[in-house]
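Working notes for the structure below.
Computed from a prediction, not measured in an experiment: that's the story for all the values here.
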Amino acid sequence: MAFGQVGFATVLLLLLAPLVATQPMHLSAAVVVSMLTLSVLGTRIAYVWNTRVVAAWGAAHASSVTYLTSGVGVVLGILASHGKLSLRRRQTASVAGKV
């Protein structure tokens, strides 16, 4: 399922990139290496962390982390932007079924 989601997102980005990216992009070797390093290390850390959480909490409790992510994201977004919780944000969170 994750492979399909990532593949679909890649196709969408390939189709939309020419419409959205209006300025030329210059990728240096340092940028490419840092992006690859971040993606590989970030994925590894997330995988190891998730495996340990599942082992410690059990699968049912560990899956609740998925539902907390959007709620924490909304709260951190409000705090970072010094904003207010608007009706639109609440509706979006409730439609997502995660808050």
Side-chain angles (χ1 to χ4, degrees):
M1 185 164 153
F3 177 77
Q5 291 172 339
V6 171
F8 184 70
T10 302
V11 170
L12 280 178
L13 284 174
L14 286 173
L15 293 173
L16 293 175
L19 304 172
V20 177
T22 57
Q23 297 179 357
M25 180 176 52
H26 305 287
L27 292 177
S28 66
V31 170
V32 173
V33 168
S34 23
M35 297 238 346
L36 289 173
T37 303
L38 179 61
S39 64
V40 169
L41 291 179
T43 302
R44 178 166 169 70
I45 290 169
Y47 178 77
V48 170
W49 193 0
N50 184 51
T51 303
R52 289 183 180 179
V53 169
V54 169
W57 294 0
H61 288 100
S63 68
S64 66
V65 171
T66 303
Y67 299 107
L68 296 173
T69 303
S70 61
V72 171
V74 169
V75 171
L76 290 177
I78 291 169
L79 293 175
S81 66
H82 305 289
K84 295 181 180 177
L85 181 60
S86 68
L87 178 60
R88 181 174 174 87
R89 285 185 181 156
R90 282 184 284 211
Q91 289 171 339
T92 304
S94 66
V95 168
K98 296 183 179 183
V99 174

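- Applying the under-4.5 Å side-chain rule to Ile, Leu, Val, Met, Phe, Trp and Tyr, the cluster around Leu12 extends to Phe8.
- Val54 is not listed as a side-chain neighbour of Thr51, based on a closest heavy-atom distance of 4.5 Å or more.
- Listed by chain and number, the hydrophobic cluster partners of Val11 are Leu15, where partners are ILVMFWY side chains within reach of under 4.5 Å, directly or through others.
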Considering only distance and modelled atom types, tabulate donor-acceptor pairs under 3.5 Å from the side chains of residues 28-39, sequence neighbours left out.
from	atom 1	to	atom 2	distance (Å)
Ser28	OG	Val31	N	3.4
Ser34	OG	Ala30	O	2.4
Ser34	OG	Val31	O	3.3
Thr37	OG1	Val33	O	2.7
Ser39	OG	Met35	O	3.2
Ser39	OG	Leu36	O	2.9

